[in-house]
Amino acid sequence: MIEMQDVWKEYGNGVAALSGISVRIAQGEFCYVVGPSGAGKSTFIKLMYREEKPTKGQIFVGGFNIERLRERQIPMMRRHIGVVFQDYKLLQPLTVYENVSFALEVIEASRKTIQKRVAEVLELVGLTEKANMLPRELSGGEQQRVGIARALVNKPSVIIADEPTGNLDPDNSWTIMKLFQRVNDRGTTIVMATHNRELVNSVRKRVIAIEQGRIVRDQERGEYGYED
Amino acid sequence: MKIRTVGRHAREGMRNLFRNGWMTFASISAVAVTLFILGGSILLSLNVQNISLNIESQLQINAYVSNVVPVKALPALEKRLAHLSGVRSVRFVSKVQALKQMKQILKSNADIMTGLGNPLPNAFILNAVNPQQTAAVAKEVQSTPGIESVQYGQSFLPKLLTIMNVARDAAVILIGGLLILGMFLISNTIRVTIFTRRREIEIMKLVGATNGFIRGPFFVEGTLMGLVGAAIPSVVLYELYRWIAQTVKLFPPFTLVPYPLVITHVVWVLVACGLFMGVWGSLFSMRRFLRV
Ligand SMILES: Nc1ncnc2c1ncn2[C@@H]1O[C@H](COP(=O)(O)OP(=O)(O)OP(=O)(O)O)[C@@H](O)[C@H]1O
Ligand SMILES: [Mg+2]
């Protein structure tokens with residue numbers, strides 16, 4: 001599903017964010033990415049949806065060779081990936097429904113598909129009742145569920161999340177976690193960078209720990225392992 | 001592309017136009033002013049050209065044949081003149097015809113000519129292909145054996161043509177500068193739109209919208225600015241030209257190029273230029289500010 005072979009990433013300013021990452025994540029896996037601040041977790045995530053390009057090495061995501069991707073193929077690749085952010089990245093002037101349907105409209109899905117899929121994912125994240133509300137009328141947890149609904153609406157084979165619970169209290173974090181669990185149960189791969197020790201330690205999954213741009217630990221049913 | 005997508009781009013593009021009202025207004029004004037000057041210059045130069053053509057038709061070269069040339073050599077001489085480079089037409093006026101004309105002009109005083117026989121020479125009347133070369137052609141004619149002397153409107157023509165050339169060069173530079181300014185303003189307006197909509201664009205890229213799809217509305221926005229900017233001076237010039245054609249009384253050689261035909265052509269030129277400015281302006285801003 002996802003494979004990195006000796007991937008290096010150096011930013012324009014000379015900062016070496018990743019130094020020789022090799023990893024393989026199978027279809028249907030649930031995988032935490034942990035590590036201290038500045039370790040390279042976000043960089044690792046960004047390489048997967050080609051927000052950033054690797055300086056060296058090869059990356060495969062769902063059959064796409066990210067490195068060799070031509071410019072016009074990038075959108076096609078991104079349709080197989082759902083991305084979730086710490087700050088939700090919702091469009092403030094649009095309602096919950098519109099924020100989710102936006103993702104299908106801009107890839108020219110049919111009106112029928114849009115109606116059907118948006119209703120389905122809003123049901124899944126439990127926001128059917130709030131479909132016509134604006135983001136600022138929602139709690140943080142609800143906003144993140146809109147973000148997840150948007151990531152899911154195009155039926156991606158993988159969800160990539162960068163600290164999805166970073167702005168949420170424990171209760172809301174649990175709701176989000178349960179949601180990811182359900183999505184994962186249906187066969188969607190999940191890669192989630194997180195600082196949430198409680199979550200990682202109580203819902204045991206594969207843990208990939210990154211420190212100073214290198215993978216220092218890769219453990220099935222692992223634990224968080226840091227004190228922050 | 002689906003019809004629904006075209007509709008969406010059009011809708012979004014229009015919305016963008018109204019969102020940056022003032023910048024849109026400035027861009028459209030710049031295009032309109034530019035194209036008004038362009039259209040006005042074209043009309044003016046077409047008419048000056050027309051007038052100078054009228055004048056020029058009277059600006060012929062008279063070449064007088066030497067008396068020693070026998071009549072039977074005249075056709076050969078005519079041929080020779082016709083083959084000179086830059087000569088459009090040659091007409092022969094015999095000394096007999098010339099005398100007749102002279103007598104007509106003198107009318108009642110024609111009898112002063114009696115007793116003189118026919119003092120007039122045989123002559124050829126020539127026109128140059130290019131009015132600007134009249135002087136050069138006249139020189140060539142002068143140096144042809146058998147031609148005694150040459151006459152043409154030496155003093156007047158070169159001045160007129162020089163003035164026209166200078167005016168044309170100045171207009172080209174002015175219009176060129178304004179075209180660039182207009183395109184720059186359009187692209188800058190679109191840049192602002194791109195900036196205000198950057199969050200939407202970010203999400204679109206993230207969920208896999210194609211580049212073409214993302215660019216659609218901005219393309220519409222630029223094109224519309226160019227077209228509206230062309231429509232305004234087109235209407236103004238059309239009405240203005242019609243008014244002049246119908247109201248102002250003119251006498252030859254100072255006549256207008258006929259009204260419906262020329263203005264239609266000018267309108268098409270303006271629309272094409274407006275379209276070009278809009279398309280170029282949007283492409284330029286997208287190239288610089290809408291990279292994936
Ligand atoms: N766009 C960028 N340009 C230059 N350097 C960057 C950029 N993004 C990240 N870095 C640097 O790369 C390194 C890794 O950053 P990254 O954001 O991947 O860390 P992280 O593990 O996600 O940290 P955190 O837990 O605080 O989110 C850091 O030293 C950071 O300063
Ligand atoms: Mg990070």
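On a predicted model such as this, the values are computed, not experimentally measured, just so you know. Residue numbers start from 1 in every chain, and the chains themselves are labelled A, B, ... in the order their sequence lines are given, proteins ahead of strands.
- When all heavy atoms of A:Ile107 and B:Ala209 are compared, the pair lying nearest together is CG2-N, 3.9 Å.
- Between chain B and the options A:Ile81, A:Val83, A:Val106, A:Asn154, the largest number of non-hydrogen pairs under 4.5 Å is found for A:Val106.
- Residue contact with chain B, scored on non-hydrogen atoms closer than 4.5 Å, involves the backbone and the side chain of A:Glu105 alike.
- More than 12 heavy atoms of other shown residues, nucleotides or ligands fall within 6.0 angstrom of atom CE in A:Met76.
- Separation of atoms CE (B:Met204) and CZ (A:Arg78) is listed at 13.5 Å; rounding is to 0.5 Å.
- Between B:Arg8 and A:Phe102, the shortest heavy-atom contact is NH2-CE1, 3.9 Å.
- By the neighbour-count criterion of 12 heavy atoms within 6.0 Å, atom CZ of B:Phe195 is sparsely surrounded, having that number or fewer from other residues, nucleotides or ligands.
- Put simply, the side chain of A:Leu91 reaches to within 4.5 Å of the side chain of B:Ile203, judged on heavy atoms.
- In A:Gln92, the CD atom is crowded: over 12 heavy atoms of neighbouring residues, nucleotides or ligands sit closer than 6.0 Å.
- Other residues, nucleotides and ligands place more than 12 heavy atoms under 6.0 Å from the CZ atom of A:Phe60.
- Within the 4.5 Å cutoff, side-chain heavy atoms of A:Arg111 are placed close to those of B:Arg4.
- A:Arg72 does not touch chain B: none of its heavy atoms, backbone or side chain, sits under 4.5 Å away.
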